[in-house]
Amino acid sequence: MTFLKTTAAFCTIATLAACGGGGDDPIEEATFENLTTSTETAIAIQAFQQVSGGFTVSSATGTYDATTDIATIDSSDISSDGASDLTGSLSYVAALSGAGDNRIVIAPTAAADVPTGAASYTGRSQFTVVVAGGANAGTYDGEMDVTLDISIGSSSSATLTIDGLVDGDATVTPVGSPTAAYTATGSEEIVFNGLSISGGTISDGGSSTASVTGFGDASESLNLTGASIDVIAGLAGPAAEEMGGVGTINDATAGSVRTTFSGSK
């Protein structure tokens with residue numbers, strides 16, 4: 001993980017040269033080149049976490065030392081080895097693989113600097129979808145496009161949509177069968193509705209709902225009545241130019257979703 005200095009008051013996370021995969025394993029890794037020019041030793045960062053093998057998400061604060069290229073989160077030091085970037089072009093958001101429960105690190109936007117009104121962020125999502133039963137039962141791992149639409153004002157809310165899967169961007173592991181390349185139906189979609197916004201933090205709330213459709217067959221739709229929904233994300237950069245976060249859906253009968261996502265305006 002590295003930061004590039006852009007102003008005297010704010011530093012950015014540079015493009016990272018690897019791409020993390022669905023679930024806990026990276027799809028692709030590459031050598032990271034240290035491009036930092038900052039000499040700051042305690043840059044404030046926020047990490048969004050997803051418990052490995054579970055569905056609990058949380059956040060933790062930390063610091064980044066640009067002179068050593070090490071982030072300290074929950075008293076643990078994480079170096080640039082294993083760092084990854086979901087989109088390859090973000091300045092204030094980085095993804096992590098091989099860093100325990102930490103999935104996304106951001107340079108958070110101060111609450112006072114979050115603009116009001118509507119905004120839309122687009123980027124990429126890494127996902128693991130489990131369809132628990134029926135003809136399409138299995139585990140689907142891959143990457144899709146992501147869109148975060150937010151509205152901040154007297155009644156703030158957000159919607160996260162993950163879609164646009166294309167052939168070659170996912171695998172499927174049917175129950176009792178080996179992992180294979182997955183042919184997209186063109187209807188794959190994961191939607192988190194009714195998310196809450198407080199300052200620059202986005203999370204699930206009492207009115208949050210979710211839907212998962214199109215995996216394995218265009219008509220596939222998981223019955224998520226009563227499912228647990230857990231999302232934590234944040235706006236990043238001095239003027240909320242970017243976003244990143246994690247989310248899960250879990251229903252013991254229908255299936256589950258784990259996702260890590262990031263994007264920019």
K.L.:
Could you check whether any side-chain heavy atom of Ser203 comes within less than 4.5 Å of a side-chain heavy atom of Val231, counting everything from C-beta outward?
P.N.:
no
K.L.:
Decide yes or no on side chain to side chain contact (heavy atoms under 4.5 Å, CB included) for Gln50 and Thr56, but give the supporting numbers first.
P.N.:
CA-CA 6 Å; Gln50 177 188 311; Thr56 300; over 6 Å; no
K.L.:
Do you see a donor-acceptor pair shorter than 3.5 Å between the side chains of Thr128 and Asp141?
P.N.:
yes
K.L.:
If you define the side chain from C-beta out and look only at heavy atoms, does anything of Val131 sit under 4.5 Å from Leu222?
P.N.:
yes
K.L.:
Using distance alone, with no hydrogens and no angle criterion, decide if Ser120 and Asp149 have a side-chain donor and acceptor under 3.5 Å apart.
P.N.:
yes
K.L.:
Does a salt bridge link Glu241 with Lys265, judged by any charged N lying under 4.0 Å from a carboxylate O?
P.N.:
no
K.L.:
Rounded to the nearest 0.5 Å, what separation is found between the CD atom of Gln46 and the CG atom of Leu235?
P.N.:
10.0 Å
K.L.:
Thr259 and Ser125: side-chain hydrogen bond (donor to acceptor under 3.5 Å, both in side chains), yes or no, with the steps?
P.N.:
CA-CA 7 Å; Thr259 180; Ser125 163; 2.6 Å; yes
K.L.:
Centroid separation under 6.0 Å, is that true for the rings of Phe127 and Phe215?
P.N.:
yes
K.L.:
Distance check, rounded to the nearest 0.5 Å: Glu189 atom CD versus Thr213 atom OG1?
P.N.:
5.0 Å
K.L.:
Can you find a pair of side-chain heavy atoms, one from Leu195 and one from Leu160, that are under 4.5 Å apart?
P.N.:
yes
K.L.:
Taking the side chain as C-beta and beyond, is there a heavy-atom pair between Phe261 and Glu143 under 4.5 Å?
P.N.:
no
K.L.:
Check whether NZ of the Lys or CZ of the Arg Arg258 lies under 6.0 Å from the centre of the six-membered ring of Phe55 and within 45 degrees of that ring's axis.
P.N.:
yes
K.L.:
Do you know the tightest heavy-atom contact between Ala218 and Ser187?
P.N.:
CB-OG, 3.6 Å
K.L.:
Could you check whether any side-chain N or O of Thr109 sits under 3.5 Å from a backbone N or O of Gly237, counting only pairs where one atom can act as donor and the other as acceptor?
P.N.:
yes
K.L.:
Given Asp145 and Ile162, is the side chain to side chain contact (heavy atoms under 4.5 Å, CB included) satisfied, shown in steps?
P.N.:
CA-CA 6 Å; Asp145 294 335; Ile162 302 169; over 6 Å; no
K.L.:
Calculate, to the nearest 0.5 Å, the distance between atoms CG and CZ belonging to Asp230 and Phe192 respectively.
P.N.:
9.0 Å
K.L.:
Establish whether Leu165 and Val130 are linked, either directly or via other cluster members, by ILVMFWY side-chain heavy-atom contacts under 4.5 Å.
P.N.:
no
K.L.:
May I ask you to test the Val172-Pro174 pair for a side-chain heavy-atom distance under 4.5 Å?
P.N.:
yes
K.L.:
Search all heavy atoms of Asp113 against all heavy atoms of Pro238 and return the closest pair with its distance.
P.N.:
CB-O, 3.6 Å
K.L.:
Rounded to the nearest 0.5 Å, how far does CD1 of Ile202 lie from OG of Ser196?
P.N.:
10.0 Å
K.L.:
Taking the side chain as everything from C-beta on, heavy atoms only, tell me whether Ile249 gets closer than 4.5 Å to Asp251.
P.N.:
no
K.L.:
Determine the minimum heavy-atom distance between Thr185 and Gly216, stating which atoms define it.
P.N.:
CG2-C, 3.9 Å
K.L.:
What residues, two or more places apart in sequence or in another chain, satisfy side-chain contact (heavy atoms from CB on, under 4.5 Å) together with Thr201?
P.N.:
Ile232
K.L.:
Kindly compute the distance separating CD1 (Ile73) from OG1 (Thr63), expressed to the nearest 0.5 Å.
P.N.:
9.0 Å
K.L.:
Are the side chains of Met144 and Asp169 in touch, meaning some heavy atoms are under 4.5 Å apart?
P.N.:
no
K.L.:
Which heavy-atom pair separates Met243 from Val93 by the least distance, and what is that distance?
P.N.:
O-CG2, 3.7 Å
K.L.:
What pair of heavy atoms forms the shortest contact from Pro108 to Ala44, and how long is it?
P.N.:
CD-O, 3.9 Å
K.L.:
Do the side chains of Val146 and Thr161 get nearer than 4.5 Å, heavy atoms only?
P.N.:
no
K.L.:
Using only heavy-atom distances, determine whether the side chains of Ser58 and Gln49 contain a donor-acceptor pair under 3.5 Å.
P.N.:
yes
K.L.:
To the nearest 0.5 Å, tell me how far Ile104 CD1 sits from Ile45 CD1.
P.N.:
12.0 Å
K.L.:
Let's go through Thr173 and Thr139 carefully: what are the C-alpha distance in whole Å and the side-chain angles of both, what is the deciding distance for side-chain hydrogen bond (donor to acceptor under 3.5 Å, both in side chains) to 0.1 Å, and is it a yes or a no?
P.N.:
CA-CA 5 Å; Thr173 307; Thr139 301; 5.7 Å; no
K.L.:
Establish, from distance only, whether the side-chain atoms of Asp217 and Ser219 form a donor-acceptor pair under 3.5 Å.
P.N.:
yes
K.L.:
For Thr225, is there any backbone N or O sitting under 3.5 Å from a side-chain donor or acceptor partner on Asn223?
P.N.:
yes
K.L.:
Are Ile150 and Tyr121 close enough, and set up right, to give a side chain to side chain contact (heavy atoms under 4.5 Å, CB included), and what steps lead you there?
P.N.:
CA-CA 8 Å; Ile150 67 172; Tyr121 298 79; 3.8 Å; yes
